[in-house]
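Note sheet for the following structure.
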Amino acid sequence: MEIRDNLQIKTFAEYKKTYQKSIEEPEAFWKTVAEKFTWTKKWDKVLSADFKKPEVNWFQGATLNITQNCLDRHVKNHPNKNAIIWEPNDPNEESRHITYKQLQVKVCNFANVLKQNGIEKGDRVCIYMPMIPELAIAMLACARIGAIHSIVFAGFSSKAVASRINDSGCKMLITANDYYRGRKSIKLKEICDEALENTPSIETVIVYRRTVNPTSMKEGRDKFWFDELQKAYAECDPVEVEAEHPLFILYTSGSTGKPKGMVHTTGGYMVGTTYTFQNTFQLNEKDIYWCTADIGWITGHSYIIYGPLCAGATTVMFEGVPSYPDFDRFWEIIEKFKITHFYTAPTAIRSLAKQNVKHVEKHNLESLKVLGSVGEPINEEAWHWFNDNVGKTKCPIVDTWWQTETGSIMISPLAGVTATRPTFATLPLPGVQPAIMDDERNEIEFDGKVAEGKLTIKAPWPAIARTIWNNHQRYKETYFSAYPGYYFSGDGAYRDAVGNYRITGRVDDVVIVSGHNLGTAPIENAINEHEKVSESAIVGFPHDVKGNALYAYVILYDHNDATNSLKQEIRDMVSKNIGAIAKPQKIQFVTELPKTRSGKIMRRILRKIAANQTENMGDTSTLLNPDVVEEIQKKKV
Ligand code: PRX
């Protein structure tokens with residue numbers, strides 16, 4: 001598989017034809033795609049699946065090693081091409097350029113460290129590291145020997161790490177001593193030490209020295225990365241695994257209960273992420289691709305590491321934050337490496353749009369060809385700001401809808417090939433069959449009319465998570481019970497008359513006001529269109545007459561504008577854009593919203609504050625900014 005092979009769709013007509021074929025003959029379609037990859041043994045059957053059970057198998061009977069596809073194959077064809085370009089947090093520290101050949105050697109070398117510490121095929125390894133190349137090396141080294149990595153975002157607390165380690169019984173923890181994110185120093189090993197008090201399954205801890213600071217090490221358990229490397233060979237043959245062998249576990253929060261360890265398997269995930277990477281972003285050989293996500297999230301797994309590397313691309317990793325040392329850091333990096341493809345999150349776009357536009361204007365962004373957005377609905381204002389100021393109206397924006405569970409992009413424009421439409425993820429990728437369900441749980445078939453309802457997927461695609469670690473029953477209940485025979489995404493969607501999809505937000509965020517179903521995302525969109533508003537979040541709260549009413553938390557560009565007359569303007573804006581029914585009953589101006597570290601607003605907390613149910617806030621450990629909860633509560637209206 002190479003970047004530009006004949007699997008890249010080049011015209012809208014070709015998209016239509018390919019999509020049709022992928023739906024009518026899914027096995028023949030995915031077989032053609034899969035044949036571009038390196039397998040040790042080909043499959044007996046492309047697909048056997050039943051969403052009713054649920055059970056999904058892709059490429060059964062096949063064996064492979066994914067690192068042969070993302071390393072060895074490219075080492076043969078272009079050993080000196082950069083695989084990873086790494087930009088440190090501190091702009092005065094040198095960036096690192098790692099070629100495919102160098103990456104292969106590093107991965108093999110570290111794979112031997114895993115082996116010499118007793119890690120074997122099927123063992124779970126927890127990786128808790130900052131955004132440094134060694135994180136990529138550690139994950140690929142696991143894949144090299146068939147060990148299952150479980151990456152925990154380095155912003156999580158010790159409790160969160162411990163519970164994830166225990167849930168999947170990890171034998172090893174790989175971490176770093178400490179590091180800087182912006183101006184903040186994070187003592188990762190100390191957090192690990194706290195976690196390790198309650199993780200009996202961990203036998204070995206490998207510690208990468210990111211700084212020269214002293215590090216406490218426990219005799220017999222903790223070992224330094226470099227010391228271990230010295231003892232290890234540089235060559236390591238890839239271990240052959242079955243197509244359905246788990247590649248990794250990645251935890252995602254549920255609307256209730258503890259995090260779910262989504263299990264992704266090897267063959268289908270490889271085919272799905274690579275194919276969607278190639279077609280969504282439309283890279284050329286010499287392009288430089290940058291996804292700003294953290295590898296601790298699915299976006300980083302699929303579209304910093306596995307997709308881009310399997311396709312032989314150059315992928316950029318950034319250790320820092322967009323605001324350090326100043327708010328132009330993203331734009332500076334784009335200029336520095338001549339980034340062609342820039343994939344980021346609406347929350348980042350909105351926070352940068354709040355800054356003086358001079359930050360953007362002072363950098364030469366001419367290298368950019370394609371922009372991308374992921375993780376939440378992108379509001380119209382942010383879309384236009386991104387399009388005008390970053391893309392200079394020349395770069396298509398791929399608004400990619402997908403999930404930890406889907407593994408790969410599901411609905412998105414193909415850059416420059418299919419049309420974009422602000423706030424719409426637009427059309428499904430080949431092989432993806434979305435369906436909209438009505439309140440009676442029936443599918444609303446596409447008939448050239450607009451439709452709105454719950455978003456499901458009605459046929460298996462290669463990168464779907466196969467189960468929840470140790471809890472197949474929860475997998476079944478969460479995703480396959482609401483609509484038997486369909487995968488339920490938990491999202492709502494609107495489909496326009498030509499079949500473009502717009503994600504309207506989580507359906508658990510839908511509020512019913514006076515019997516009307518109101519998605520919170522469109523109301524927020526309307527509020528955000530006010531020129532003084534930077535961001536907003538809407539939740540429902542109980543109301544005597546209407547059943548529910550709406551509570552709006554609104555962040556302004558300038559907090560001095562927080563007046564009652566502005567509240568009225570905001571209500572009028574909603575009235576104008578959606579209807580009087582959607583007008584928020586209460587509006588509270590806030591300076592920040594409670595967000596998870598991946599940038600998602602934790603609405604559960606906002607709902608509790610709005611409903612005056614603040615005795616038990618539940619788990620707030622995954623919040624980026626826990627203090628904000630009290631601040632909002634104090635000023636409740
Ligand atoms: O609600 C959708 C939203 O993010 C959810 C998935 O979150 P997570 O598993 O953390 O994965 C995020 C990265 C893929 C979805 O159920 N979401 C994701 N992408 C979009 C989106 N909402 C609207 N538009 C998107 N492009």
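In this text the structure is predicted, and so the values were computed from the model without any measurement. Note that ligands are numbered from 1 as they come in the structure, with each ligand's atoms numbered from 1 the same way.
- The nearest non-hydrogen atom to atom 9 (O) of ligand 1, considering only T406, L455, I409, T404, comes from T404.
- Remark: ligand 1 atoms within the under-4.0 Å shell around heavy atoms of I503 are 22 (N), 23 (C).
- I397 contributes atom CD1, which lies 4.5 Å from atom CH2 of W383 (distance to the nearest 0.5 angstrom).
- The protein atom (non-hydrogen) at minimum distance from atom 24 (N) of ligand 1 is E376 O, 3.4 Å.
- Residue D399 has at least one N or O atom closer than 3.5 Å to an N or O atom of ligand 1.
- A salt bridge does not link K600 with E376: every distance from a Lys NZ or Arg NE/NH1/NH2 to an Asp or Glu carboxylate oxygen is 4.0 Å or more.
- Contact atoms of ligand 1 toward T400: 19 (N), 20 (C), 25 (C), 26 (N) (distance under 4.0 Å to a heavy atom of the residue).
- Atoms of ligand 1 found under 4.0 Å from any heavy atom of V374 (numbered from 1 in listed order, with element): 13 (C), 14 (C).
- Using a 4.0 Å cut-off between charged side-chain N and carboxylate O, K454 and E443 make no salt bridge.
- In this comparison of E405, M262, R502, K600, the heavy atom closest to atom 5 (C) of ligand 1 sits on K600.
- The pair K476-E55 does not meet the salt-bridge criterion, since no charged nitrogen lies less than 4.0 angstrom from a carboxylate oxygen.
- Residue-environment remark: NZ (K392) exceeds the threshold of 12 foreign heavy atoms within 6.0 Å.
- Any N or O atom pair closer than 3.5 Å counts here, and T252 shares no such pair with ligand 1.
- What sits closest to atom 13 (C) of ligand 1 on the protein, heavy atoms only, is T299 OG1, 3.4 Å.
- For the atom pair CH2 of W86 and CE of M131, the computed distance is 10.5 Å after rounding to the nearest 0.5 Å.
- One distance of note links OG1 of T344 with CZ of F342; it measures 4.5 Å at 0.5 Å rounding.
- What sits closest to atom 2 (C) of ligand 1 on the protein, heavy atoms only, is D491 OD2, 3.0 Å.
- Salt bridge status for E380 with R421: absent, with no side-chain N to carboxylate O gap under 4.0 Å.
- For atom 17 (N) of ligand 1, the nearest non-hydrogen atom from the set G407, G375, A493, P377 comes from G375.
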